[in-house]
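Atoms considered below: every heavy atom in the structure, side chains included; atoms not considered: hydrogens, waters and symmetry mates. Sequence positions, counted from 1, serve as the residue numbers for this chain.
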Amino acid sequence: QVQLVESGGGLVQPGGSLRLSCAASGSIFSINAMGWYRQAPGKERELVAAINSGGMTNYADSIKGRFTISRDNAKNTVYLQMNSLSPEDTADYSCNANLRSSRFTTWRDYWGRGTQVTVSS
């Protein structure tokens, strides 16, 4: 079994910062890419940022220069530092990991349950 658990969401004022964390645990042999997605009410889920095992990153245009994704491979954890937050960033943020549970299994996507980020004054 594999679990992804997010933390760090909450209520923040416009212009503020939050740091999200997502820890993967359980039967993990190797992790490829990890990423953050978000879904606002009435909108489709969108990729926010992703990082592969080598540290290469990919960001959505809407958050470039404000958000930074990083990972600690030893802890199977990915982070999202969010600065200069605006009400448009309000959404449920979910963590994704593409991983293998053993050398005999295929790569699969796993998802966390999400953490709510609300930007409001």
Side-chain angles (χ1 to χ4, degrees):
Q1 296 291 339
V2 174
Q3 282 190 318
L4 272 63
V5 179
E6 301 101 334
S7 61
L11 173 64
V12 63
Q13 291 186 342
S17 299
L18 282 175
R19 188 189 193 216
L20 305 183
S21 299
C22 172
S25 62
S27 180
I28 298 172
F29 176 73
S30 180
I31 301 179
N32 184 11
M34 302 184 79
W36 289 95
Y37 289 73
R38 68 184 182 186
Q39 186 167 21
K43 294 187 177 181
E44 294 187 355
R45 184 169 62 189
E46 63 173 351
L47 173 67
V48 177
I51 184 168
N52 68 12
S53 57
M56 291 185 63
T57 58
N58 179 38
Y59 293 98
D61 289 340
S62 60
I63 58 87
K64 280 183 180 177
R66 299 188 297 123
F67 292 9
T68 302
I69 189 170
S70 61
R71 67 189 277 177
D72 185 333
N73 291 329
K75 295 181 179 180
N76 292 335
T77 299
V78 62
Y79 306 96
L80 186 67
Q81 178 65 44
M82 306 186 293
N83 299 327
S84 302
L85 285 162
S86 71
E88 289 70 34
D89 296 314
T90 295
D92 183 72
Y93 285 71
S94 297
C95 171
N96 169 274
N98 181 254
L99 62 85
R100 288 196 296 172
S101 295
S102 77
R103 67 171 68 186
F104 305 109
T105 59
T106 58
W107 297 97
R108 273 191 57 189
D109 281 330
Y110 291 85
W111 292 88
R113 303 182 82 171
T115 184
Q116 178 66 34
V117 171
T118 302
V119 185
S120 175
S121 55

Residue pairs fulfilling salt bridge (charged side-chain N to carboxylate O under 4.0 Å, His left out) with at least one residue in residues 77-86, sequence neighbours excluded: none

For R71, side-chain contact (heavy atoms from CB on, under 4.5 Å) partners two or more places apart: I31, M34, I51, S53, N73, V78

Distance-only check: which donor-acceptor pairs under 3.5 Å involve side-chain atoms of residues 15-28, not counting sequence neighbours?
residue, atom, partner, partner atom, Å
S17, OG, N83, OD1, 2.9
S27, OG, S101, O, 3.3

Disulfide (SG to SG under 2.5 Å) pairs, two or more places apart, involving residues 34-70: none

Set of salt bridge (charged side-chain N to carboxylate O under 4.0 Å, His left out) partners for K43, sequence neighbours left out: none

Contact list for residues 5-14, test side chain to side chain donor-acceptor pair (under 3.5 Å), sequence neighbours left out: none

With V119 via side-chain contact (heavy atoms from CB on, under 4.5 Å) - residues at least two apart: V12, P14, L85, P87, D89, T90, V117

Results of side chain to side chain donor-acceptor pair (under 3.5 Å) for E88 - residues two or more places apart only: S86

E46: partners by side chain to side chain donor-acceptor pair (under 3.5 Å), with sequence neighbours left out: R38

ring-ring contact (aromatic ring centres under 6.0 Å, His included): pairs with one or both residues in residues 37-81, sequence neighbours excluded: Y37-W111

Listed once per pair and sorted, the salt bridge (charged side-chain N to carboxylate O under 4.0 Å, His left out) pairs that draw on residues 77-87, sequence neighbours left out: none

Selection residues 98-109 - residue pairs positive for salt bridge (charged side-chain N to carboxylate O under 4.0 Å, His left out), sequence neighbours left out: none

